[in-house]
Amino acid sequence: MAGLRRREVLAGAVALAGAATIGLNPGTAAAATQQRPGAQFPPSLDFGDYPVIARVRSRRALEHLRVLSDKIGPRIAGTEGELRARDYIAKVLRDLRYQVTLQPFPIADKFLGGLAIGRDSWQTGSSPQGAQDVTREAVVVDAGDGSTLPDDLTGKIVLIAAVANKADAYLTAAQRGADAVLLGRIGADPARKLSAFSPTLATPVTIPVLGLAQVQVERLRERLAKGSVTVKATATHHKNLTSYNVIAERPATFPGKDEGVVMVTAHYDSVPGSPGANDDGSGTVLCLELARVLRYLPTNKTLRFALWGSEEYGLIGSRHYVKNLSDPEAQRIAGCFQNDMVATSWDPAVTYWLLSVDGADNATTAAVNAAAKRLGYDPRVKGPVARGSSDHVPFFERGIASGNFSWRGETGPALLEPTYHTPEDTIKDNVSLERLQVSLELIGSAAYSLLRK
């Protein structure tokens, strides 16, 4: 009976919070009940949905994304880009009055490269078996797939890129006097471009060897077609690195029995060369916008946001976090909503997928499905279906209800946009405000429903 009375009080408080949020403004209230952007059906909201739907805004989230993707750019684990993003995220959450903790963990060295061409600078990977912490400036020679090289490459930077490069072309170029080698990968599928990489060389060389993304190769060759091109090629060995999880929480607002924790999460790092607008700047700014919207709403459970470092190198941040949870701490977590790639503008990505590791329903996927029905989005939502490959995996392995939520191709969750992990994962080329808004509403409503239970 006491539990029932407590929930009645909570329901009333939620109703008041909803009314306060929309300011008893009939126009705002009507807007919240209108058919949602991209929805197939009119909404049938419950009281807990109102304070979320009336306030959450993808354009506010976009302001954060401009900082992360446009200003900071690539956020490689443990390097300056990731650390700048960490500081920005932590400041936003502290300004919202959350209790913020930085959780450090050591990570492996990184081998990165850079190309400077006039006013343009591109981040690449570099080979651990090539020279490091050096810069070479020279004219570029395009050697195609590397099967035929000039006899004398002294003072030149050699570009080798094809669907299948000659395996030892880099070594031949070094032996013939090249100052540096640019290795590029061209995908066999014309619709799928390849990312920057750190080449593994069978034989070490004493010159820098950089690994270019496919689009970087294409842009460089466009310049070469117009005449001579001089570049600065830099290889850098980043040592003794530390990455960080950013954890922010706000306790339950009702006194009495502790009824657990609800987590909303994303990773904030990106791969070399990519500004990571959709992967996973979009999930990160979803968390920041929901932190703003949910911060004062009454809950029975603690609200916790986690932004993971080093996801791209094997879910390192989330694994570190989950490994260090005590059994009682793990048992308190009622659900983890992981948001990875929630805003792509790629047209075939018309389906919002609910992904659990084993394909089974759990508290998070059930809450999102229920929210989709209330908001009228359910025809666009599929799942749960089985898929790992994101930060919900460590939670599942610990027995914690978790799901990964993402826009992907209609035929299956493995169908990702062609700009995935490339320099073209930008706001301009790969972010839809409408899809980001849908993601915000679904996760915001779903998480708040679980927080109220």
cation_pi([X], [Y]) dist<6.0 Å, angle<=45:
X: K110; Y: Y313; result: yes
X: R86; Y: Y244; result: yes
X: R452; Y: Y448; result: yes

Please check if any side-chain donor atom of [X] sits under 3.5 Å from a side-chain acceptor atom of [Y], or the reverse.
X: Q338; Y: T265; answer: yes
X: T344; Y: N430; answer: yes
X: E312; Y: H421; answer: yes
X: S127; Y: Q129; answer: yes
X: T135; Y: T234; answer: yes

Between [X] and [Y], what is the shortest heavy-atom contact and its length?
X: I76; Y: E82; answer: O-CB, 3.4 Å
X: S69; Y: D425; answer: OG-O, 4.3 Å
X: D429; Y: S345; answer: O-OG, 3.4 Å
X: A77; Y: L241; answer: O-CD1, 3.9 Å
X: P394; Y: D391; answer: CD-O, 3.4 Å
X: Q216; Y: Q123; answer: NE2-O, 2.8 Å

(message) As a test of understanding, state which of S310, P106, P104 forms a side-chain contact (heavy atoms from CB on, under 4.5 Å) with S243.
(response) S310
Short question: side chain of [X], backbone of [Y] - any donor-acceptor pair under 3.5 Å?
X: R292; Y: A61; value: no
X: R398; Y: V322; value: yes
X: R435; Y: V342; value: no
X: T364; Y: G403; value: yes
X: S390; Y: D340; value: no
X: E80; Y: R84; value: no
X: R55; Y: V52; value: no
X: N165; Y: A162; value: yes
X: T419; Y: T422; value: no
X: S402; Y: H392; value: yes

State whether [X] and [Y] are salt-bridged, where the test is any N-O pair (Lys NZ or Arg NE/NH1/NH2 against Asp/Glu carboxylate O) under 4.0 Å.
X: E441; Y: R36; answer: yes
X: D70; Y: K428; answer: no
X: D358; Y: R387; answer: no
X: E63; Y: R60; answer: no
X: K91; Y: D87; answer: no
X: R332; Y: E259; answer: no
X: E218; Y: R185; answer: no

Heavy-atom distance under 4.5 Å between the side chains of [X] and [Y], does that happen here?
X: S274; Y: P74; result: no
X: L307; Y: L93; result: yes
X: V262; Y: I333; result: no
X: H267; Y: T284; result: no
X: N404; Y: V393; result: no
X: Y170; Y: V205; result: yes
X: L102; Y: V246; result: yes
X: P43; Y: R374; result: no

Roughly how far apart are [X] [atom1] and [Y] [atom2], rounded to 0.5 Å?
X: F105; Y: N324; atom1: CZ; atom2: CG; result: 10.5 Å
X: L183; Y: L210; atom1: CG; atom2: CG; result: 8.5 Å
X: N245; Y: S318; atom1: CG; atom2: OG; result: 7.5 Å
X: L286; Y: L440; atom1: CG; atom2: CG; result: 4.5 Å
X: S282; Y: L433; atom1: OG; atom2: CG; result: 11.5 Å
X: L436; Y: L65; atom1: CG; atom2: CG; result: 8.0 Å

(request) Could you walk me through whether E289 and R57 pass the salt bridge (Lys or Arg N to Asp or Glu O under 4.0 Å) test, one step at a time? (result) CA-CA 7 Å; E289 172 63 358; R57 295 289 183 270; over 6 Å; no
(message) One pair to check against side chain to side chain contact (heavy atoms under 4.5 Å, CB included): F305 and R250. What are the steps and the verdict?
(response) CA-CA 9 Å; F305 292 94; R250 189 220 69 182; over 6 Å; no
(message) Please check if the number of heavy atoms outside E329 that lie under 6.0 Å from its CD is greater than 12.
(response) yes
(request) Taking atom CZ of R295 as the centre, report whether more than 12 heavy atoms of other residues, nucleotides or ligands fall under 6.0 Å from it. (result) yes
(request) For the pair Y420 and N278, evaluate side chain to side chain contact (heavy atoms under 4.5 Å, CB included) and give the outcome as yes or no after the intermediate values. (result) CA-CA 8 Å; Y420 169 71; N278 188 45; over 6 Å; no
(request) Given ring-ring contact (aromatic ring centres under 6.0 Å, His included), test W308 with Y321 step by step and report yes or no. (result) CA-CA 9 Å; W308 312 118; Y321 176 83; 5.2 Å; yes
(message) Run the side chain to side chain contact (heavy atoms under 4.5 Å, CB included) test on D49 and D46 for me, step by step, so that the C-alpha distance in whole Å, both residues' side-chain angles and the decisive distance to 0.1 Å come before the verdict.
(response) CA-CA 5 Å; D49 296 325; D46 69 20; 3.2 Å; yes
(request) Dump the intermediate steps for salt bridge (Lys or Arg N to Asp or Glu O under 4.0 Å) on R408 and E417, then the final yes or no. (result) CA-CA 8 Å; R408 307 193 179 200; E417 63 265 31; over 6 Å; no
(message) Would you call the rings of W407 and Y352 parallel, tilted or perpendicular, taking 30° and 60° as the class edges?
(response) perpendicular
(request) Return the orientation label for the F111 and H237 ring planes: parallel under 30°, perpendicular over 60°, tilted otherwise. (result) parallel
(request) Verify salt bridge (Lys or Arg N to Asp or Glu O under 4.0 Å) between E434 and R380, making sure each step is shown before the conclusion. (result) CA-CA 13 Å; E434 179 186 289; R380 304 184 72 179; 3.6 Å; yes
